[in-house]
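Sharing a structure with you now.
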Amino acid sequence: QVQLQESGPGLVKPSQTLSLTCTVSGASITTDYDYWSWIRQPPGKGLEWMGAIHSSGNTVYSPSLESRTSISRDTSKNQFTLQLSSVTPEDTAVYYCARGRTYTGTYCLDFWGQGTQVTVSS
């Protein structure tokens, strides 16, 4: 089974950098042509895809967040990380990591972590 788990601080101050780690088990983040992805959901709003790091190490980001977002990985720990800089209260959300794949021409997120609440507040 593929399992993902988010971890990191639940509270971040405005203007600081939000940093989260996703630990993957049951699959390698370096194989299988997968996109290891970050998604968030602000309170009362829909899901927003943020970006992903491919098994090859290449990254891709949502245009609206690209300037503030960095996704990296630690292959020795089978982990990938999210850094979102210059955060504001509007960045308050539940943050999810997930596995993404292209399947029959469609990008699908088939395995998800449980999500972690991150609040941006002083």
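Each residue takes its place number in the sequence, starting with 1.
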Check your understanding: Counting heavy atoms not belonging to E48, are there more than 12 under 6.0 Å from its CD?
Key ->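 Yes.
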
Exercise for review: Return yes if some donor-acceptor pair links the side-chain N/O of Y33 with the main-chain N/O of T102 below 3.5 Å, else return no.
Suggested key: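 Such a contact is absent between Y33 side chain and T102 backbone.
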
Point to revise | Polar side chain donor-acceptor pair, S72 to T81, under 3.5 angstrom | key: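 S72 vs T81: donor-acceptor pair found between side chains.
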
Practice item. For residues V118 and E6, determine if any side-chain heavy atom of one lies less than 4.5 Å from a side-chain heavy atom of the other. Key: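 Sidechains of E6 and V118: no contact.
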
Point to revise | Value rounded to 0.5 Å, distance of SG in C108 from CZ in R101 | key: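 It is 10.5 Å, given to the nearest 0.5 Å.
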
Review point. Roughly how far apart are Q3 CD and Q114 CD, rounded to 0.5 Å?
Key: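 Reported to 0.5 Å precision, the distance equals 9.0 Å.
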
**Study point:** Contact check, side chains of P14 and V120, non-hydrogen atoms, under 4.5 Å
**Key:**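 In short, these two side chains touch, coming nearer than 4.5 Å.
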
Review point. Short question: side chain of N78, backbone of I29 - any donor-acceptor pair under 3.5 Å?
Key: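 Indeed, once roles are kept as given, a pair shorter than 3.5 Å links the two residues.
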
Review point. When the ring planes of Y107 and Y35 are compared, do they come out parallel, tilted or perpendicular, using 30° and 60° as the limits?
Key: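 Y107 and Y35: perpendicular rings.
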
Check your understanding: Once you round to the nearest 0.5 Å, how far does OG1 of T23 lie from CD of Q5?
Key ->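 The distance works out to 6.5 Å.
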
Point to revise | S19 versus T17, side-chain donor and acceptor atoms under 3.5 Å | key: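 There is no such pair (donor and acceptor under 3.5 Å, judged by atom type) between the side chains of T17 and S19.
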
Review point. Quick one: salt bridge (Lys or Arg N to Asp or Glu O under 4.0 Å) partners of D74, sequence neighbours excluded?
Key: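 Counting only residues at least two positions away or on another chain, D74 forms no salt bridge (Lys or Arg N to Asp or Glu O under 4.0 Å).
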
Review point. Out of F80, Y95, Y96, which residue meets the ring-ring contact (aromatic ring centres under 6.0 Å, His included) rule with W38?
Key: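 Single ring-ring contact (aromatic ring centres under 6.0 Å, His included) partner of W38 among F80, Y95, Y96: F80.
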
Check your understanding: Measuring from I71:CD1 to S37:OG, what's the distance to the nearest 0.5 Å?
Key ->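 It is 7.5 Å, given to the nearest 0.5 Å.
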
Point to revise | Value rounded to 0.5 Å, distance of CE in M50 from OG in S62 | key: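 Between atom CE of M50 and atom OG of S62 there are 8.0 Å.
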
